[in-house]
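Quick notes on the structure that follows.
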Amino acid sequence: MLRLPRSARRDQAPDARRRVGVRRASRLSTSVTVVTAVAMLVTACTGPGGTDHPGETTSPTTNGAAQARAVAALGDVASSKAGAMRLADGLLAPTNRWFSGLVFGAAPQPVFPSPISWQVTDDGFAAGLPTVTATEKTIAGGTTQQVGLDLGATSTLVSDYDSVSVTVEHRDGSTVLGHTVVAEGSPLVTYTAARAGTVTATSPIDGTGDGTGTVTSGGRTWQLVVRDGTIDGDTIDVRSGGSVVLLPVPDGATAAQTARLVAAARPLTGVALDRSASRGKQRTTLTYDFGSGDRGVLVPQPGQGTTGLECTGLHYETVQGPAPVCTGTALRFAVDTVRPSDTLDLSGLSSAERAALVTQVRADASTVDASSYAADSYGGGKDLYRVANLYRLATQLDLSSVADALKTSVVDELDQWFDPAGCGTRTARCFAYDPTLHGLVGQEASFGSDEFNDHHFHYGYVLSAAAVLAADDPALVSRWRTVADLVAVDIASPEATASFPALRVYDPYAQHSWASGFSPFADGNNQESSSEAVSAWNGVALWGAVSGSSSGSSSLRSVGTWLLSNEAASAARDVLDPDLSAFPEFRHRVVSLTWGGKRDHATWFSAAAAAPAGIELIPMPAVAASYVDAGGSAQIRRVLAEAVPDGRYDVQFGDYLLMYRALASRADAATALREARALPDAVVDSANSRSYMLAWIMSRA
């Protein structure tokens, strides 16, 4: 079978586009921001019968000792790929964050705390409100330097962070000069002086004498609000603990509207995340700390809503579209609960369809042997997932002997992956721990997974397979739980522990994950395969449901369902059926590569027409039917007209495109079924099988 050639993504330009020392026992950060963000993770799960349960406050140390023992049993990687990090002692390395480029690599990269850009300069920092432009294939809002402060700094490091904000420490040698806080969802830049001194604006200040002023540069006006300091020409004298807050003035703002925003330009210190579930919704609250419950300037993403905010009627242009400019203390949004699932409904199959599917399952199962599984964590995960789905189909079709043989095959493979001592005796099919980056690395590493690229893509396949095989076998749950739980919390821990960060890859403001571990890019972090991210959270939730496992007071099922529901909502809204009305120059129906500072109709690995849509469908788990038909039949047909303009599906991802077509109508499903039966073996993906492809389409015909 044709395996997805992810390595080509990095081979295109390994220095520019390859995406993807804290010791294991290091303490967690004791900063108020991090502890608050962890402690306020309120969780809930949707239980059997659809009952919604209120969550409980989590503790950052619950189960920490047992988890640390389990991690120690794995053994460490031979060497970490982290390199030197610009990170304060005691902080867990922030891989896969929107701001990871500030920490890793030879020099700090620009970052995109939407709606602004922010970057470290030689002696301080610069910020800008990007000008958004579009071409046929790209919507871009790259970094821009409109306003900045010369602090006299010679170096920076990340001194604090939470799920949405980051604090950057500016130093002159070993002397701490001050700290800058930026956060997604707010246009404010807050610099707080650690010692009295003078800073210089990079553009002339038009001061008013009352601690406020404006800077106009690059066609954009920024407001400056100084507390415990004074403006004198282009310099600002700031006392210890004093602050400078920068705010871009929205286009079209009146004097009264600007004054209202200036009044809300308060120093920001951090953001706390709450999550809950009720009445069929997964709810997210991001509470911004502007001091004493004060309201500040907030900017929800387009489509997130403005619950609890006072909005001005003004907008900032972003790569996601016009974003409302509001004041408030928190962003609140909810999405429909997507219930995790790994089972196709075959109850409507005709006797002829059932007989044909039985024949195909037998044929596909006959090809499975010990050589069917790749040794690396991505290829091996996809192979496990494929055979596990074959096993599920065999059980549904009452093929007992076939199911037994398939189960033996997958269990033998998973026994290796979930052996705590596996890496002590072999170099593949096992997990080792990186004590610098605080996470698991599947051995063999692949596609930069040792740099923490794509962990959720890889591990979602493994967890999904484990959930299928252990669903009715408590002995397997008991045997696998120790390592499988570590695999799950590597990508989805609901809390920070001494061994793992909270929610390593997921961004609750963006409502999607970031795939690059170190993010060495001028356009910010990125994610390509929204569908593999959705599949990953489905796997976490399914494993949690089967195992009953939890991290602290939060079940893996609960956090997995919240992640699944939000990532699916984002994939539907921003990727598969995006509102592109603000970008008439963009000529495509799918946005297949999302960056902090741009959106592309492109992939890392192929220029083929089918690739952008196909990478947003793989691997089409049963749960995908709940969201991939966003936009309905008309959108599905528009996407397919671009992906297979000649109507030929004998291309990479042709199998998933046929499964996608089956969602358009019964007539389309019937056509897709005919095409699928004739599809060459070479273009059936390694995570898929002809049996599963046919079963998916038959269940909708």
Side-chain angles (χ1 to χ4, degrees), residues 4 6-20 80-87 92-114 117 119 142-143 158 161 163 166 184 319 377-378 434 436-442 445-460 490-492 501 503-533 536 567 570-571 574-575 591-600 602-605 615-616:
L4 178 64
R6 282 185 178 270
S7 57
R9 304 181 184 190
R10 281 85 190 180
D11 293 341
Q12 287 179 342
D15 294 332
R17 296 180 63 87
R18 185 175 48 146
R19 75 172 189 179
V20 123
S80 175
K81 295 296 183 70
M85 295 186 291
R86 294 174 291 276
L87 186 69
L92 299 183
T95 68
N96 305 90
R97 307 280 179 166
W98 62 268
F99 60 84
S100 293
L102 295 175
V103 174
F104 301 99
Q109 293 289 340
V111 293
F112 297 86
S114 184
S117 68
Q119 63 192 112
T143 185
V158 167
Y161 67 86
S163 56
V166 63
E184 297 172 296
V319 294
S377 57
Y378 183 69
D434 187 325
T436 301
L437 295 174
H438 291 80
L440 302 191
V441 178
S446 54
F447 312 116
S449 61
D450 49 354
E451 297 179 8
F452 281 64
N453 295 340
D454 302 349
H455 275 204
H456 54 319
F457 299 164
H458 296 213
Y459 299 172
D490 177 79
I491 57 174
L503 301 175
R504 180 188 301 281
V505 302
Y506 181 71
D507 183 330
Y509 172 78
Q511 282 183 269
H512 63 73
S513 307
W514 297 113
S516 174
F518 299 164
S519 187
F521 310 112
D523 287 315
N525 212 321
N526 71 90
Q527 177 163 268
E528 182 177 60
S529 183
S530 64
S531 51
E532 285 181 301
E567 191 100 41
S570 173
D574 302 327
V575 174
V591 176
S592 53
L593 187 51
T594 298
W595 296 80
K598 67 176 180 176
R599 302 164 76 192
D600 281 333
T603 73
W604 283 100
F605 59 92
I615 197 61
E616 306 305 334

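Counting begins at 1 with the first residue of the sequence.
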Without swapping roles, check the side chain of [X] against the backbone of [Y] for a donor-acceptor pair under 3.5 Å.
X      : Y      : answer
Ser530 : Ala571 : no
Arg599 : Asp574 : yes
Asn525 : Arg97  : yes
Glu567 : Ser513 : yes

Does a side-chain heavy-atom distance below 4.5 Å link [X] with [Y]?
X      : Y      : value
Val319 : Phe112 : no
Arg86  : Val158 : no
Phe452 : Asp490 : yes
Tyr506 : Ile491 : no
Leu102 : Ser100 : no
Glu451 : Ser516 : no
Pro94  : Leu87  : yes
Glu528 : Phe605 : yes

Closest heavy-atom pair and its distance - [X], [Y]:
X      : Y      : answer
Leu593 : Ala602 : CB-O, 3.7 Å
Ser570 : His512 : OG-CB, 3.7 Å
Pro110 : Gln119 : CA-CB, 4.0 Å
Phe104 : Thr95  : CZ-CG2, 3.9 Å
Asp434 : Ser80  : OD2-OG, 2.9 Å
Ser592 : Glu616 : O-OE2, 2.8 Å

Can you measure from [atom1] ([X]) to [atom2] ([Y]) and round to the nearest 0.5 angstrom?
X      : Y      : atom1 : atom2 : answer
Thr594 : Asp523 : OG1   : CG    : 12.0 Å
Thr436 : Leu92  : OG1   : CG    : 11.5 Å
His458 : Ser449 : NE2   : OG    : 5.0 Å
Gln527 : Asp507 : CD    : CG    : 10.5 Å
Ser519 : Asn526 : OG    : CG    : 7.0 Å

Check: Using 30° and 60° as the class limits, which term best fits the ring planes of Tyr459 and His455: parallel, tilted or perpendicular?
Finding: tilted
Notebook entry, point to check: What do you reckon, are the aromatic ring centroids of Tyr378 and Phe457 less than 6.0 Å apart?
Noted result: no
Checklist line | Ring centre gap for Phe521 and Trp595 strictly below 6.0 Å | finding: yes
